[in-house]
Amino acid sequence: MDLSMKILIVDDFATMRRIVKNILKQIGFSNIIEADDGSTALEILKSDKIDLVLCDWNMPKVSGLDMLKQMKADSELKDTPFLMITAEAQKQNIVEAVQAGVSNYIVKPFTADTISEKLKKVFGE
Amino acid sequence: MDVKLINPFISATVEVLETMAFTKAEAGKPYLKKENVATGDVSGVIGLIGEKNASVSISFTEMCIVKIVSSMLGEEYDSLNDDIKDAVGELTNMISGQARKMLDEIGYKFDAAIPTVIVGKNHVISHASRGPMIAIPFNTADGSFTIEVCFDET
């Protein structure tokens, strides 16, 4: 994994953004930005070069799933790796996310090791 | 109320706190709660929508949640503030999600609303669901908290 890649964390709870950011920093990433809703995240994605999105599902305005669908419909964004980090862990949720093209799926609660393993899978390591 | 609807919330609470905040929580004996004054100083409340609608809350004493969030974020807190309020919302969200996953596995599907957080001594928790309010007290090394689960009666 390229540790200089630019990562966008999207979650409406600052607590979760902090936890995920701390784990990413422990792994060695330093180029990390945040958004607290899907709408803001999409604006960032259109104006900035983002290499990886880690996104919650259940958010006000634009949900993580809707954000993923919008990215997949955009030729500039469709190939950006998208990792869903969510408390939505029912089978139907995972099926919907996979059908929408999610790169991988992390269920809250999670450990630092889980994030590290899923990132390796996303980047084929 | 069917115990199989309650147990997932107990298991989810223990699992979320252990995984995210490295805190061991031990459940006490469930009881029927009659009044809506919270047992704690800060509460997260979330509505569940399904075949039977439900409402779930988790109410922490100040000492307990300050320690839990300090452990969760790796920073020392000494009193309630916006960071702790936000963390209670996310803990409520995670416990609801984990419990809904377990309920899904036994055939009950629920969607969840966005959690709300209430702060203050003797605040009131208004469950949207109209049914018996089952309270489960928990103890940790740093204090106590209570979850309340309320399913609509059919």
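Just so you know, these numbers come straight off a predicted model, no measurement behind them.
- Atom CZ in Phe13(A) sits 9.5 Å away from atom CG in Leu91(B) (nearest 0.5 Å).
- Atom NZ of Lys72(A) is surrounded by more than 12 heavy atoms from other residues, nucleotides or ligands within 6.0 Å.
- Contacts of Met102(B) with chain A are absent, with no heavy-atom separation under 4.5 Å from either backbone or side chain.
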| query | Given Met20(B) and Met16(A), is the side-chain contact (heavy atoms from CB on, under 4.5 Å) satisfied, shown in steps? | reply | CA-CA 10 Å; Met20(B) 299 305 296; Met16(A) 190 49 62; 4.0 Å; yes
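- Looking at Asn58(A), both its backbone and its side chain come within 4.5 Å of chain B, counting heavy atoms on both sides.
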| request: Would you please test Lys108(A) and Asn93(B) for side-chain contact (heavy atoms from CB on, under 4.5 Å) and show each step? | output: CA-CA 9 Å; Lys108(A) 300 173 185 175; Asn93(B) 186 41; 4.1 Å; yes
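- Surrounding NZ of Lys67(B) are at most 12 heavy atoms belonging to other residues, nucleotides or ligands under 6.0 Å away.
- With a 4.5 angstrom heavy-atom cutoff, Asp11(A) touches chain B only via side-chain atoms.
- Proximity to chain A (any heavy atom under 4.5 Å) is restricted, for Ala113(B), to the backbone atoms N, CA, C and O.
- Residues Met94(B) and Pro109(A) come closest through the heavy atom pair SD-CA, 4.2 Å.
- Residue Ile136(B) is grouped with residue Phe9(B) when hydrophobic side chains (ILVMFWY) are merged at heavy-atom distances under 4.5 angstrom, including chains of intermediate members.
- Atom CG of Asp2(A) is surrounded by more than 12 heavy atoms from other residues, nucleotides or ligands within 6.0 Å.
- There is no path of hydrophobic side-chain contacts, each under 4.5 Å, that joins Ile106(A) to Met71(A).
- For the atom pair CD of Glu18(B) and OG1 of Thr111(A), the computed distance is 12.0 Å after rounding to the nearest 0.5 Å.
- When the shell of 6.0 Å around CD of Glu26(B) is examined, it contains 12 or fewer heavy atoms from other residues, nucleotides or ligands.
- Checked by atom type and distance alone, the side chain of Asp104(B) never pairs as donor or acceptor with a backbone atom of Gln90(A) at under 3.5 Å.
- For CG of Asp48(A), the number of neighbouring non-hydrogen atoms (other residues, nucleotides, ligands) closer than 6.0 Å is greater than 12.
- Rounded to the nearest 0.5 angstrom, Asn22(A) CG and Met72(B) CE are separated by 11.5 Å.
- Here the CG-CZ distance, from Asp86(B) to Arg17(A), works out to 7.5 Å after rounding to the nearest 0.5 Å.
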| query | How far apart are the C-alpha atoms of Thr15(A) and Asp83(B), what are their side-chain angles, what is the distance that settles it, and do they pass the side-chain contact (heavy atoms from CB on, under 4.5 Å) test? | reply | CA-CA 7 Å; Thr15(A) 301; Asp83(B) 286 357; over 6 Å; no
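- In this structure, Val10(A) is not a member of the same hydrophobic cluster as Ile19(A), with clusters built from ILVMFWY side-chain heavy atoms closer than 4.5 Å.
- Crowding of Lys121(A) atom NZ: a count of heavy atoms from other residues, nucleotides or ligands under 6.0 Å not exceeding 12.
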